[in-house]
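All chains are named by letter (A, B, ...) in the order of the sequence lines, taking the proteins before the strands, and each is independently numbered beginning at 1.
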Amino acid sequence: MPKPAEYEFFVDSSRCIGCQACLQACAECDTHKGISLIQLDFIDRSVSTQTAPVVCMHCNSPTCAEVCPADAIKRTEDGIVQTALKPRCIACNNCVLACPFGVPKMNTGMNMMMKCNMCYDRTSVGLKPMCASVCPSQALYYGTREEIEALRPRSRPVNSFQFGRQIITTKVNMMVPLEEPLNFVKMARAMYDAPPAQDMTDDPLLANMYTE
Amino acid sequence: MPKEVTRALAWSLAITLGLAVLIVLGSRNLAHFDAALVAYTASTLFATFGIVYRYTMWLQRPPTAMYWRRGWQTFLQPRRLPRNLLNWAPLIVENILVHRFIFRRSRLRGVTHLLLLWGGIIGIGITFPLVFGWLHFEIVPGDLHMYQSYVFGFPTFTFDVESLIAFLIFHGLVWSALLIMAGTMLAMRRRMREEGAAALQHFAEDFLPLIILFSTALTGIMLTVSHSWLRGYAYDFIAILHAITIIGAFIYLPFGKFFHIFQRPAQIGVKYYKRVGEEGEAACCRRCGAPFSSRLHIEDLIQTEKALGYHYEMPDSPVEHYQWICPPCRRAMFTLAQGAVWREHRGGSRRTTAGYKPATPKYANPAVGEGPLGKEDAENFHA
């Protein structure tokens with residue numbers, strides 16, 4: 001059985017069918033009981049069914065932690081960026097506004113930020129995070145490199161992303177085409193585009209039939 | 001030596017010396033200073049040095065420096081100062097003295113922390129003035145039943161040694177110890193039973209402070225038990241044991257979890273800052289156009305990120321800086337970017353999307369995702 005360190009998280013948003021199982025499962029996590037922290041948005045429901053699932057990407061140099069005035073966000077040795085330390089977080093909202101992926105949530109009443117910690121109670125002992133364990137379309141997948149390579153022979157994981165002039169490397173991967181010669185994904189490349197579903201080849205479900 | 005360290009050392013030396021001077025003054029040239037407590041005084045001075053050093057280093061981090069500066073600026077603005085002064089006391093009471101926000105996390109957590117907080121406030125409020133010689137009692141001349149209390153060498157109130165008030169005052173540390181013991185036991189119980197806590201807690205950060213608090217309270221209570229009911233059995237030994245635990249607590253103060261006591265008041269500054277932000281101009285997302293925060297906050301954050309060495313500038317785009325995109329749009333852009341990579345790869349036709357105006361992404365299930373979260377998240381990001 002692989003060790004916890006050999007497991008990785010792979011996000012393949014185009015496979016997301018918006019079933020919201022991840023939202024429900026996330027609330028079951030013991031470290032934030034009853035509160036769902038995964039982000040799942042309809043990009044533009046008037047034109048597309050495409051939903052955008054976002055878990056914490058666990059950046060190598062987490063902007064949320066750097067901009068925290070209270071020093072409340074810590075990255076553990078295994079590369080997991082933990083949610084805010086409760087005694088320290090002063091609910092200033094810096095992390096919510098600074099995260100390039102838009103992950104943290106602010107709980108104003110409790111005076112603290114809360115964010116995905118990749119189900120640390122589970123992943124630190126070799127179990128899958130709640131969201132990945134229930135995702136029926138494997139838009140959120142947690143496993144070894146060998147497993148994902150076998151499952152998606154035409155894809156490969158990328159974990160570098162460009163925001164303006166900044167490149168951020170993360171622990172969580174995004175699946176891109178195998179032969180595509182890119183070292184990082186430019187996040188603003190399609191920012192003004194309409195979400196897929198404008199025609200056959202753009203339909204997120206049909207498109208997957210002839211990609212992965 | 002780096003500039004930040006020099007500054008921190010200067011401040012910590014100055015404050016520590018200042019406290020030493022106050023000890024000499026308050027105890028009237030050490031006339032009322034209890035020599036038995038000299039080790040306490042030394043460890044307090046050490047703790048003061050450590051706390052001020054860490055605090056000054058902390059304040060010099062770019063995001064903290066920004067909030068510190070802005071917090072005071074917004075507080076002291078002449079136009080707002082009267083209202084800020086009026087708000088100050090209720091804010092302190094609500095956020096610090098009864099900390100309602102912890103009760104919102106869970107009632108048990110709220111009660112636990114309230115016991116620890118008030119046990120600590122009473123304990124510190126009594127211990128420090130006694131240790132520094134700032135508080136002492138004398139018998140009123142001619143009346144053996146009356147005590148006169150002196151604060152900083154000045155006579156204050158008198159009370160009967162047999163009265164209830166005397167009983168409450170002389171056992172002040174007992175009440176404090178009982179509160180602390182109840183609080184630490186509740187905290188320890190939660191830490192031993194909750195699976196979520198088990199995954200995240202560390203011995204040094206989470207258990208050690210509880211052990212320190214509990215041992216100070218327990219040894220303190222043992223002193224009372226010894227002299228009240230056991231005719232002073234092992235009193236000297238317990239006194240030394242108690243001193244060791246107290247000194248340990250003082251020395252731990254600047255390093256571990258207790259440092260949040262000094263950081264926490266910053267949340268009051270945040271409240272003022274947010275209020276000013278809400279009254280000012282809003283920051284509108286440069287993708288969907290929706291307001292998502294205050295312009296003040298975004299501009300400050302851009303500066304903070306620059307100071308930290310991040311380069312989120314987008315010079316070739318009308319967006320200018322990645323900070324001007326709202327968090328829901330950032331999340332959508334993740335999926336849109338992945339879609340674009342695949343679309344380019346597989347080719348195929350696409351109906352023109354010219355003229356498409358991006359909408360604000362909507363949270364898929366507000367009932368689940370946001371239900372328990374505060375209005376700020378809902379208003380700012382999923383309106």
*Residues of residues 129-141 of chain A under 4.5 Å from chain B (heavy atom pairs)?*
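None at all.
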*ring-ring contact (aromatic ring centres under 6.0 Å, His included) with Tyr120(A): which residues, sequence neighbours excluded?*
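Once residues adjacent in sequence are excluded, Tyr120(A) has no partner under the ring-ring contact (aromatic ring centres under 6.0 Å, His included) criterion.
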*Which residues in residues 309-316 of chain B have any heavy atom lying under 4.5 Å from a heavy atom of chain A?*
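Against chain A, the residues of residues 309-316 of chain B that fall inside the cut-off (heavy atoms, under 4.5 Å) are Gly309(B), Tyr310(B), His311(B), Tyr312(B), Glu313(B), Met314(B), Pro315(B).
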Can a salt bridge be assigned to the pair [X] and [Y] using a cut-off of 4.0 Å between side-chain N and carboxylate O?
{"X": "Glu299(B)", "Y": "Arg295(B)", "answer": "yes"}
{"X": "Glu344(B)", "Y": "Arg189(A)", "answer": "yes"}
{"X": "Asp300(B)", "Y": "Arg70(B)", "answer": "yes"}
{"X": "Asp193(A)", "Y": "Arg343(B)", "answer": "yes"}
{"X": "Asp12(A)", "Y": "Arg152(A)", "answer": "yes"}
{"X": "Arg156(A)", "Y": "Glu179(A)", "answer": "no"}

*Residues which pass salt bridge (charged side-chain N to carboxylate O under 4.0 Å, His left out) with Arg190(B), listed by chain and number, not counting sequence neighbours*: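 Counting only residues at least two positions away or on another chain, Arg190(B) forms a salt bridge (charged side-chain N to carboxylate O under 4.0 Å, His left out) with Glu194(B).
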Is the distance between the ring centroids of [X] and [Y] less than 6.0 Å?
{"X": "Phe101(A)", "Y": "Phe161(A)", "result": "yes"}
{"X": "Tyr55(B)", "Y": "Phe262(B)", "result": "no"}
{"X": "Tyr273(B)", "Y": "Tyr67(B)", "result": "yes"}

Sort [X] into side chain, backbone, both or neither according to what part of it lies under 4.5 angstrom from a heavy atom of chain A.
{"X": "His99(B)", "result": "neither"}
{"X": "Ile302(B)", "result": "neither"}
{"X": "Ile325(B)", "result": "side chain"}
{"X": "Arg264(B)", "result": "both"}
{"X": "Arg109(B)", "result": "side chain"}
{"X": "Glu205(B)", "result": "side chain"}
{"X": "Phe334(B)", "result": "both"}

*Check the angle between the aromatic planes of Phe207(B) and Phe203(B) and answer parallel, tilted or perpendicular using the 30° and 60° thresholds.*
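Judged by the thresholds at 30° and 60°, the geometry between Phe207(B) and Phe203(B) is parallel.
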*asked:* Rounded to the nearest 0.5 Å, what separates atom CE in Met333(B) from atom CZ in Phe163(A)?
replied: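 One gets 8.0 Å once the value is rounded to the nearest 0.5 Å.
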*asked:* Counting only non-hydrogen atoms closer than 4.5 Å, does Leu182(A) touch chain B with its backbone (N, CA, C, O), its side chain (CB onward), both, or neither?
replied: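 The answer is the side chain of Leu182(A).
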*Residue part contacting chain B, namely of Cys26(A), when any heavy atom lies under 4.5 Å*: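 When you check distances to chain B, no heavy atom of Cys26(A) falls under 4.5 Å.
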If you count heavy-atom pairs under 4.5 Å with chain B, which of [options] comes out on top?
{"options": "Glu180(A), Met174(A), Met112(A), Gln82(A)", "value": "Met174(A)"}
{"options": "Thr76(A), Val185(A), Val176(A)", "value": "Val176(A)"}
{"options": "Asn117(A), Val54(A), Asp121(A)", "value": "Val54(A)"}
{"options": "Gly102(A), Ala190(A), Pro177(A)", "value": "Pro177(A)"}
{"options": "Ala98(A), Ala188(A), Ser46(A)", "value": "Ala98(A)"}
{"options": "Cys99(A), Pro100(A), Ser124(A)", "value": "Pro100(A)"}

